[in-house]
There are 2 protein chains.
Amino acid sequence: MKKKPAAEPAPVDRRQDLVAAAYQQIARLGFEGLRTRDVAAAAGVNVATLHYYFPTKEALIGDVLKHAMQRFRSTMPASGSPSEQLRNHFAGIRRLVREEPELFAVMGELALRSARDPAIRDLYQQTTNIWQSTVRGLLAKAVRDGLVTGSRNLDAQASLVVSALTGASMIPLSRPARLNETIAELERSLGLN
Amino acid sequence: MKKKPAAEPAPVDRRQDLVAAAYQQIARLGFEGLRTRDVAAAAGVNVATLHYYFPTKEALIGDVLKHAMQRFRSTMPASGSPSEQLRNHFAGIRRLVREEPELFAVMGELALRSARDPAIRDLYQQTTNIWQSTVRGLLAKAVRDGLVTGSRNLDAQASLVVSALTGASMIPLSRPARLNETIAELERSLGLN
DNA sequence: TTCTGTCGATCAATCAGTTGATTGAGGCAG
DNA sequence: CTGCCTCAATCAACTGATTGATCGACAGAA
């Protein structure tokens, strides 16, 4: 009665469901509040089933981590002139914060945990390193094309961009407008207007 | 043998010791790894003694929160011209990150937790609101005195400062130089050189 | 039959918080 | 001073609840 065992057209990917459930749980309650039972229940299965797909809780977290990082990389710029790409990147983050705030809650949790957990640190740092050098590369190209008011220090500019976006997206804001203001001022200071 | 019961000049403030122990524990392991027994042991007392001073774990965390926030406010600028105060503020944070990194680990934990815990949210947001408006006030004064290259939007500039410093200090950095670069670029973009 | 997926039941470990007892310092009456 | 009382502070041991993980059973598909 509680489940139709057969004739299910979409065979539901349990693995994916469990990762998604854990992801939501972390977004709402942090790692502190992550319970295997709750994750299993949210995915509509028994705890034992969770352990059928993931040997340990850590293994499940590993998959959540991969999922979050991959999701985050989708904000990386793609096409257009360098300064357009930068503006699109900023707009992409702004949109993602609005439409998918859970991602940044999870990213924040992962960022803090990366200080203690080597497995998380590797993937997290890899992602932010790519981020930083991507921004730096775009700034370099933009300067070369004479599109922005170039500073002498591209590393410093890229660091400011990454720091500001990190701080404004991953940390809960007391001032709701802060993200928009931060991005606006970032664009101004880079001469992207 | 382990303690001189009488004639003790410093009668050890247990309450303070317990808060300090919890503070260090959070800095090292996050809220996830905060165990009342470990805190008590680190303070050299029994769990029951901890509960003698703090009715619950939450009450203990409350005192840790107050301690951390008060500590953080010590970076707030004090004297000098507006632009000097801003530079001093940045230097103060840079120094504190170097000399007392635990504070920012704890601040990061509290910041994330503030999204779920109303008790933490109140104090945390109050602190960041004061921070933001202090920076904004200094920028306003600096512009009035003609000391910096003023932008039209002081709120946006203050938001960038707060976002960038938050992101560069509370989130573990993959790129160690990022904090210095961020501050340097912040000063440049505000015309503080 | 055998393999895959699922579940109810259960275990061992861990945790926050409690209980009852002990210790030592200070007050104070004799 | 001495003996008695009180009380803040402390501890060892326990409780009740929760948690991650495991086991054996069982159903359906191949």
Side-chain angles (χ1 to χ4, degrees), chain A residues 1-26 28-65 109 113 116-117 119-120, chain B residues 1-26 28-65 109 113 116-117 119-120:
Chain A
M1 191 56 66
K2 50 179 61 173
K3 184 148 295 182
K4 295 176 184 168
E8 190 116 12
V12 288
D13 186 341
R14 286 259 177 270
R15 229 157 186 291
Q16 193 178 299
D17 289 350
L18 286 164
V19 170
Y23 178 87
Q24 294 298 335
Q25 199 79 188
I26 292 172
R28 282 198 308 116
L29 307 168
F31 279 107
E32 258 183 292
L34 184 64
R35 303 284 171 260
T36 52
R37 278 172 169 71
D38 298 343
V39 171
V45 297
N46 188 277
V47 217
T49 302
L50 182 151
H51 280 290
Y52 177 78
Y53 291 98
F54 300 95
T56 65
K57 188 184 180 182
E58 293 306 311
L60 174 63
I61 291 177
D63 271 34
V64 171
L65 171 65
E109 295 286 335
R113 210 175 207 237
R116 300 168 224 126
D117 186 332
I120 291 183
Chain B
M1 191 57 67
K2 49 179 62 173
K3 187 149 293 184
K4 297 176 185 170
E8 189 118 12
V12 289
D13 185 339
R14 285 261 176 269
R15 223 152 192 294
Q16 193 178 298
D17 289 350
L18 287 164
V19 171
Y23 178 86
Q24 294 297 334
Q25 199 80 188
I26 292 172
R28 284 198 308 116
L29 307 169
F31 278 108
E32 255 183 295
L34 185 65
R35 304 283 171 260
T36 52
R37 276 170 165 71
D38 297 344
V39 171
V45 297
N46 187 276
V47 217
T49 302
L50 182 151
H51 282 291
Y52 178 78
Y53 292 98
F54 301 94
T56 65
K57 189 183 181 182
E58 294 305 311
L60 173 64
I61 292 176
D63 269 36
V64 171
L65 170 66
E109 295 286 336
R113 214 178 202 237
R116 300 168 226 128
D117 186 332
I120 291 183

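Order of the sequence lines fixes the chain letters, A, B, ..., with proteins taken first and strands second; residue numbering starts at 1 for each chain. Hydrogens, waters and symmetry mates are skipped; everything else that's a heavy atom, side chains included, is used.
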Practice item. Sort and list the pairs that fulfil salt bridge (charged side-chain N to carboxylate O under 4.0 Å, His left out) and have at least one residue in residues 39-61 of chain A, not counting sequence neighbours. Key: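 Every salt bridge (charged side-chain N to carboxylate O under 4.0 Å, His left out) pair that includes a residue of residues 39-61 of chain A, provided the two are not neighbours, is A:Glu58-A:Arg113.
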Whole Å only: how far is the [atom1] atom of [X] from the [atom2] atom of [N]?
X: B:Ile61; N: C:dA16; atom1: CD1; atom2: C1'; result: 12 Å
X: B:Gln16; N: D:dA9; atom1: CD; atom2: P; result: 15 Å
X: B:Leu60; N: C:dC15; atom1: CG; atom2: C1'; result: 15 Å
X: B:Phe54; N: D:dT10; atom1: CZ; atom2: P; result: 12 Å
X: A:Glu32; N: C:dA16; atom1: CD; atom2: C1'; result: 14 Å

Report yes if at least one side-chain N or O of [X] is closer than 4.0 Å to OP1 or OP2 of [N]; otherwise report no.
X: B:Tyr52; N: D:dA9; value: yes
X: A:Arg14; N: C:dT6; value: yes
X: A:Tyr53; N: C:dT6; value: yes
X: B:Thr49; N: D:dA9; value: no

Review point. Tell me, do B:Ile61 and B:Phe31 make a side-chain contact under 4.5 Å, heavy atoms counted?
Key: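 In short, these two side chains touch, coming nearer than 4.5 Å.
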Exercise for review: Calculate, to the nearest 0.5 Å, the distance between atoms CG and CD1 belonging to A:Leu65 and A:Ile26 respectively.
Suggested key: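 Rounded to the nearest 0.5 Å, the CG-CD1 separation comes to 9.0 Å.
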Practice item. Mind checking side-chain hydrogen bond (donor to acceptor under 3.5 Å, both in side chains) for A:Asp17 and listing every partner two or more places apart, or none if nothing turns up? Key: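 Checked A:Asp17 against side-chain hydrogen bond (donor to acceptor under 3.5 Å, both in side chains); zero matches.
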**Study point:** Residues in side chain to side chain contact (heavy atoms under 4.5 Å, CB included) contact with A:Ala59, at least two apart in sequence or another chain
**Key:**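 Side chain to side chain contact (heavy atoms under 4.5 Å, CB included) check on A:Ala59 returns A:Phe54, A:Pro55, A:Thr56.
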Less than 3.5 Å apart, which donor and acceptor atoms pair up between the side chains of residues 34-41 of chain B and the rest of the protein, not counting sequence neighbours?
from    : atom 1 : to      : atom 2 : distance (Å)
B:Arg35 : NH1    : B:Glu32 : O      : 3.1
B:Arg35 : NH2    : B:Glu32 : O      : 2.9

Study note, to complete from the structure: With B for base contact, S for sugar-phosphate-only contact and - for none (protein heavy atoms under 4.0 Å), nucleotides 14-25 of chain D reads B----SBBBB--
